[in-house]
Amino acid sequence: MDTELLYLDDAYLKECDGTVKWFEFTDLIVDRTVFYPTGGGQPNDKGQVIIDGRTYPINDVWSDGNEVHIMSLDTYSEDVKGKPVHQVISWDIRYQHMKFRTALKVITSLAFRLYRATNRINQTYEDQAWIDIGVDEISEEMVKSLEDEANKALKSGLDTETFYLSKEEFQNDSDLMAISKNEVPDFDKIRVLKIGDLPLQHEIGTNVKNTSEVGTVKFKTSLVKGKISKRISVFLE
């Protein structure tokens, strides 16, 4: 049975209980988890798990496609299999990624609406994020316009929500296909993010409930061979 991913239904869930299914040295698999594994441009959660009153600090979390592996800095006790495990994430770190993640999704939606830009790679950190805009060439005017429109959207307090589509439903949505570069995510049920009336996007990460939580975004660009780079660094103010 796959690990139940509690963060998909409630990104604000800070802790949970579960049962140890398997372990090996510093590697632990539980039946349900609040820990987000590295993926989709969002780093893994950090925090701690508590088993039999002993606290294990968690510094890495990854998914093998079915199960989530919770990596401790300490070796797990040899008798933990089948035991209850209490999991607690470092909320301040998670929440920063959620705000940056939502900011990037707003930017991607607006870039698609304004310039028909495709969904390219992105990455969040605790203090900044970056996104590659999928256009042939970008200008200072485009960057400034995108920054202004992003801040308008964020300050307008748009609600976010996720729902699931089948592969067929995803393929039948021309805008979803276009923003995803005509690539269908390899899931039976594809998780989709809706932010106000902005274009829909495939999403596997965690987001804030309302864009007003994000704050103000500030863009920073660089020059590559005399031209503005399509990679935009994003900061929150």
Would you kindly confirm whether Ile195 and Phe163 end up in one hydrophobic cluster when ILVMFWY residues are joined by side chain heavy atoms under 4.5 Å apart? yes
Is Val61 reachable from Val80 through a run of I, L, V, M, F, W or Y residues, each pair having side-chain heavy atoms under 4.5 Å apart? yes
How are the rings of Tyr12 and Tyr95 set to each other: parallel, tilted or perpendicular (split at 30° and 60°)? tilted
Side-chain heavy atoms under 4.5 angstrom apart, residues restricted to Ile, Leu, Val, Met, Phe, Trp, Tyr: same cluster for Val135 and Ile131? yes
Could you check whether Lys46 pairs with Asp60 (Lys NZ or Arg NE/NH1/NH2 to Asp/Glu carboxylate O, under 4.0 Å)? no
How far apart are the C-alpha atoms of Phe100 and Gln123, what are their side-chain angles, what is the distance that settles it, and do they pass the side chain to side chain contact (heavy atoms under 4.5 Å, CB included) test? CA-CA 9 Å; Phe100 275 116; Gln123 180 70 47; over 6 Å; no
Does the pair Lys14 and Asp92 meet the rule for a salt bridge (charged side-chain N to carboxylate O under 4.0 Å, His left out), with working shown? CA-CA 10 Å; Lys14 303 177 181 66; Asp92 290 346; over 6 Å; no
Measure up the His202 and Phe170 rings against each other and bin them: parallel (under 30°), tilted (30 to 60°), perpendicular (over 60°). perpendicular
Please check: side-chain N/O of Ser156 versus main-chain N/O of Ala153, any donor-acceptor pairing under 3.5 Å? yes
Kindly work out whether a path of hydrophobic side-chain contacts (I/L/V/M/F/W/Y, heavy atoms less than 4.5 Å apart) joins Leu6 to Ile204. yes
So, do Tyr76 and Phe25 have ring centers that fall under 6.0 Å from each other? no
Should the pair Arg94-Asp45 be classified as a salt bridge under the 4.0 Å nitrogen-to-oxygen rule? yes
Value rounded to 0.5 Å, distance of CG in Leu154 from CG in Leu110: 8.5 Å
Quick test of your reading: applying salt bridge (Lys or Arg N to Asp or Glu O under 4.0 Å), list the pairs with at least one residue in residues 74-86, sequence neighbours left out, ordered by first then second residue. Asp52-Lys83, Asp79-Lys83
Within the side chain of Tyr36, is there an N or O that forms a donor-acceptor pair under 3.5 Å with the backbone of Gly39? yes
When you compare the side chains of Glu4 and Thr33, does any donor N or O come within less than 3.5 Å of an acceptor on the partner? no
Thr124 side chain vs Ala129 backbone, donor-acceptor pair below 3.5 Å: no
Between the side chain of Ser72 and the main-chain N/O of Thr75, is any donor-acceptor distance below 3.5 Å? no
Side chains of Ser109 and Gln201: do they bring a donor and an acceptor to under 3.5 Å? yes
When rounded to the nearest 0.5 angstrom, what is the spacing between OG1 in Thr3 and CD in Glu67? 4.0 Å
Taking atom types as modelled and ignoring hydrogens, do the side chains of His97 and Glu126 form a donor-acceptor contact shorter than 3.5 angstrom? no
Whether the side chain of Gln48 engages the backbone of Ile58 through a donor-acceptor N/O pair (distance < 3.5 Å, no angle test) should be reported. no
Using a strict 4.0 Å threshold on nitrogen-to-oxygen distance, state whether Lys144 and Glu141 make a salt bridge. no
Let's go through Arg231 and Asp132 carefully: what are the C-alpha distance in whole Å and the side-chain angles of both, what is the deciding distance for salt bridge (charged side-chain N to carboxylate O under 4.0 Å, His left out) to 0.1 Å, and is it a yes or a no? CA-CA 4 Å; Arg231 177 163 295 181; Asp132 281 1; 2.7 Å; yes
Please check this pair: side chain of Thr38 against backbone of Asn44, looking for a donor-acceptor N/O pair closer than 3.5 Å. yes
Rounded to the nearest 0.5 Å, what's the gap from OH on Tyr56 to CD1 on Ile50? Could you check? 11.0 Å
Short question: side chain of Asp159, backbone of Gly196 - any donor-acceptor pair under 3.5 Å? no
With a sphere of 6.0 Å drawn around NZ of Lys181, does it hold more than 12 non-hydrogen atoms of other residues, nucleotides or ligands? yes
Verify whether one side chain among Glu203 and Asn207 offers a donor that lies under 3.5 Å from an acceptor in the other. yes
Give a yes or no on whether the backbone of Phe23 and the side-chain of Asp27 come within a donor-acceptor separation of less than 3.5 Å. no
Take Asp17 and Arg32 through the salt bridge (charged side-chain N to carboxylate O under 4.0 Å, His left out) test and state the conclusion after the steps. CA-CA 8 Å; Asp17 292 313; Arg32 59 204 303 264; over 6 Å; no
Atom pair CG (Asn210) and CG (Leu158), whose distance is rounded to the nearest 0.5 Å: 7.0 Å
Note: Arg113-Glu149 ion pair, threshold 4.0 Å (strictly below): no
Is there a donor-acceptor pair closer than 3.5 Å between any side-chain N or O of Ser166 and the backbone N or O of Glu169? yes
Pairwise distance CD1(Ile133) to CD1(Ile107) - rounded to 0.5 angstrom: 7.0 Å
Hey, could you give me the CD/CG distance between Gln87 and Leu13, rounded to the nearest 0.5 Å? 9.5 Å
